Amino acid sequence: MISAFDRDVWAILGMPLDNVTLDEAAHIIERAVETRTRLSFVTPNVNWMVRALKDPSAMRQIVNADLSLADGVPVVWLAKQLGMPLQERVAGADLFQRLRTDDRDGVPPIRVFFFGGRDGAAEGAHQTLLKENGRLVAAGCLNPGFGDVESMSTTRIRDQINAANADFIIVSLGAAKGQAWIEHNQAHLNAPVIAHLGAVVDFAAGTIQRAPEWVSKSGLEWVWRIIAEPSLWRRYWSDGTDLVGLLNRRIGVFKKAARTDATPRTIQFQHLDHGVKLSGDLVAAHRAALKGALVNAIQPSGDFTLDLTEVGAIDACALGQFRMLEQCLIRRGDRLEIFASQQTKPAFDAAKMTLQGV
């Protein structure tokens, strides 16, 4: 998997996003397939963001992913409002299409397995790739029916997926259940790349037509989706109103925490027994210094203390680095303990990064 601190990650309202283009994301997937390196990626849209800001387990799923791509015009807009130099939206459907239509000579095929989806969708997507005989190769499909994560994680199901020798598993079980299924099963699956891309299965199967490019670029794809699936309006309305409420309460907090009155103060750091004490302004201009301090300090195993009591400003770039620190600790079973200054405490509270123990 990608090293956490090698990623250009920013935390938007506490939710980590990678600053990559569509082509860069495709290259990361291709590289993972080529090297057989495990890669789980997520594509947060408004629904994902709202769930993550309300549910710690949903936020943890994004933090623990190897790649987090901004899928949704509101997410891109919000990232830019908070200072992230996000270059473009990277929707899961666009990424799938980018891999699917790559006709460069000598590019190895990618074997795709479809898991889940509404009745007939996985089989339809599988048949589409079979007929195309293109860059993306149909490896297999399986609809496990209805049930909980445990009932969809049997040895029989895992063996059937592994027998397909896929490079890329596309899961479609509903975002919350699908990501939980990935976390529960990834270590038992031999495919290096896995992601929950629910709508991609329907688009590939042809059961739902994706919006034209001009509609997507105008930010009105949600209107197209409601026309295609009228039942979505309730979810979109709920997510939209929830997001507006969350923004009203939090966006000002993050902008205030990132503000400096003059040239940002240089970062100073002091190693603790199991952690690091930082001072200065933790902003994008000092990203390299912050990264170096965290990489050096995290080497010993054990719980980690992050003392920020003498820190002034903190922005989305620094919060992204702290989310990657959190990821490293989660994966080795250790805890993060944060002590914040009066200026930065509101930002951590708003990001749902619990002070004095995560």
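This one's a predicted model, so the numbers in the text were calculated from it and none came from an experiment. FYI, the numbering just counts along the sequence from 1.
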message = Determine whether D55 and S57 satisfy the following criterion, side-chain hydrogen bond (donor to acceptor under 3.5 Å, both in side chains), listing intermediate values before the conclusion.
response = CA-CA 5 Å; D55 180 1; S57 64; 2.8 Å; yes
task = On the 0 to 90° scale, with breaks at 30° and 60°, tag the F115-W181 ring pair as parallel, tilted or perpendicular.
result = parallel
remark   = Taking every heavy atom of P192 against every heavy atom of T37, the minimum-distance pair comes out as CB-O, 3.5 Å
ask   = Distance from E30 atom CD to R135 atom CZ, nearest 0.5 Å?
value = 4.5 Å
inquiry  = Given F304, which partner from the list I338, I298, L272 fulfils the side chain to side chain contact (heavy atoms under 4.5 Å, CB included) test?
reply    = I298
message = Are more than 12 heavy atoms, taken from residues, nucleotides or ligands other than D159, located less than 6.0 Å from that residue's CG atom?
response = yes
key: Taking every non-hydrogen atom, the tightest pair across S68 and P16   = OG-O, 2.7 Å
task = Verify the distance criterion only: is there a donor paired with an acceptor across the side chains of D307 and T309 at less than 3.5 Å?
result = yes
inquiry  = Nearest 0.5 angstrom please: I62 CD1 to Q327 CD, how far?
reply    = 12.5 Å
task = Could you give me the CA-CA distance, side-chain angles and deciding distance for K291 and D6, then say whether salt bridge (charged side-chain N to carboxylate O under 4.0 Å, His left out) is met?
result = CA-CA 9 Å; K291 171 185 171 181; D6 288 338; 3.7 Å; yes
request  = Kindly give the heavy-atom pair with the smallest separation between A205 and A121, and that separation in Å.
outcome  = CB-O, 3.4 Å
ask   = How close do V76 and A70 get, heavy atom to heavy atom, and via which atoms?
value = CG2-CB, 4.2 Å
task = Check whether any side-chain heavy atom of Q61 lies under 4.5 Å from a side-chain heavy atom of W48, and answer yes or no.
result = yes
key: Residue pair D66, R38: steps toward the salt bridge (charged side-chain N to carboxylate O under 4.0 Å, His left out) verdict   = CA-CA 9 Å; D66 301 304; R38 289 194 179 278; over 6 Å; no
inquiry  = Can a side-chain donor-acceptor contact be found between R158 and N185 if the only test is distance below 3.5 angstrom?
reply    = yes
key: From CD (Q321) to CH2 (W10), nearest 0.5 Å   = 10.0 Å
query = Would a 4.5 Å heavy-atom cut-off, applied to side chains only, mark L319 and F348 as touching?
reply = yes
Same apolar cluster (I L V M F W Y, side chains within < 4.5 Å links), V171/F114 = no
ask   = Can you check whether L308 reaches S341 side chain to side chain, under 4.5 Å on heavy atoms?
value = no
query = Side chains of D303 and E337: does their closest heavy-atom pair fall under 4.5 Å?
reply = no
message = Taking L306 as the starting point, is it possible to reach V283 by hopping between hydrophobic residues whose side chains are less than 4.5 Å apart?
response = no
message = Less than 4.0 angstrom from a charged side-chain N to a carboxylate O is my criterion; do R287 and D8 meet it?
response = yes
R98/D102 ion pair, N-O < 4.0 Å = yes
request  = Over all heavy atoms of both residues, which pair between L189 and I194 is shortest? Give the atoms and the distance, please.
outcome  = CD1-CD1, 4.0 Å
message = With a 4.5 Å cut-off on side-chain heavy atoms, are V200 and R100 touching?
response = no
request  = Dump the intermediate steps for salt bridge (charged side-chain N to carboxylate O under 4.0 Å, His left out) on R265 and E310, then the final yes or no.
outcome  = CA-CA 11 Å; R265 293 182 299 145; E310 296 182 8; over 6 Å; no
key: Lys/Arg-Asp/Glu bridge criterion (N-O < 4.0 Å) met for D349, R250   = no
task = Answer yes or no: does atom CG of D148 have more than 12 heavy-atom neighbours from other residues, nucleotides or ligands under 6.0 Å?
result = yes
note = NE2 of H27 to CD of E34, rounded to nearest 0.5 Å, is 8.5 Å
Main-chain N/O of N190 paired with N162 side-chain donor or acceptor, under 3.5 Å = yes
query = What's the verdict on side-chain contact (heavy atoms from CB on, under 4.5 Å) for H274 and T305, showing C-alpha distance, side-chain angles and the deciding distance?
reply = CA-CA 6 Å; H274 286 281; T305 298; 5.7 Å; no
inquiry  = Distance check, rounded to the nearest 0.5 Å: L99 atom CG versus I110 atom CD1?
reply    = 5.0 Å
query = How far apart are the C-alpha atoms of Q186 and I169, what are their side-chain angles, what is the distance that settles it, and do they pass the side-chain contact (heavy atoms from CB on, under 4.5 Å) test?
reply = CA-CA 10 Å; Q186 186 182 12; I169 300 173; over 6 Å; no
task = Find the distance between OG1 (T344) and CG (L282) and round it off to the nearest 0.5 Å.
result = 8.0 Å
inquiry  = For a side-chain contact (heavy atoms from CB on, under 4.5 Å) check, start with the C-alpha distance between R323 and M59, then their side-chain angles and the critical distance, and finish with the verdict.
reply    = CA-CA 10 Å; R323 282 300 194 192; M59 181 67 80; 3.6 Å; yes
query = Are L129 and I161 linked, directly or through other ILVMFWY residues, by side chains that come within less than 4.5 angstrom of each other?
reply = no
task = Take E183 and Q179 through the test side-chain hydrogen bond (donor to acceptor under 3.5 Å, both in side chains) and record every step on the way to the result.
result = CA-CA 6 Å; E183 291 205 343; Q179 200 60 37; 5.1 Å; no
key: Close side-chain approach of F203 to F96, heavy-atom, < 4.5 Å   = no
remark   = All heavy atoms of S151 vs all of T154, minimum pair found to be O-CG2, 3.7 Å
message = A side-chain contact here means heavy atoms from C-beta on lying under 4.5 Å apart; do R60 and N64 qualify?
response = yes
ask   = Do the non-hydrogen side-chain atoms of N19 and M84 ever get within less than 4.5 Å of each other?
value = yes
ask   = Given the rule in the side-chain contact (heavy atoms from CB on, under 4.5 Å) test, do Q268 and L278 qualify, once you have shown the distances and angles that lead to the verdict?
value = CA-CA 6 Å; Q268 304 291 330; L278 300 169; over 6 Å; no
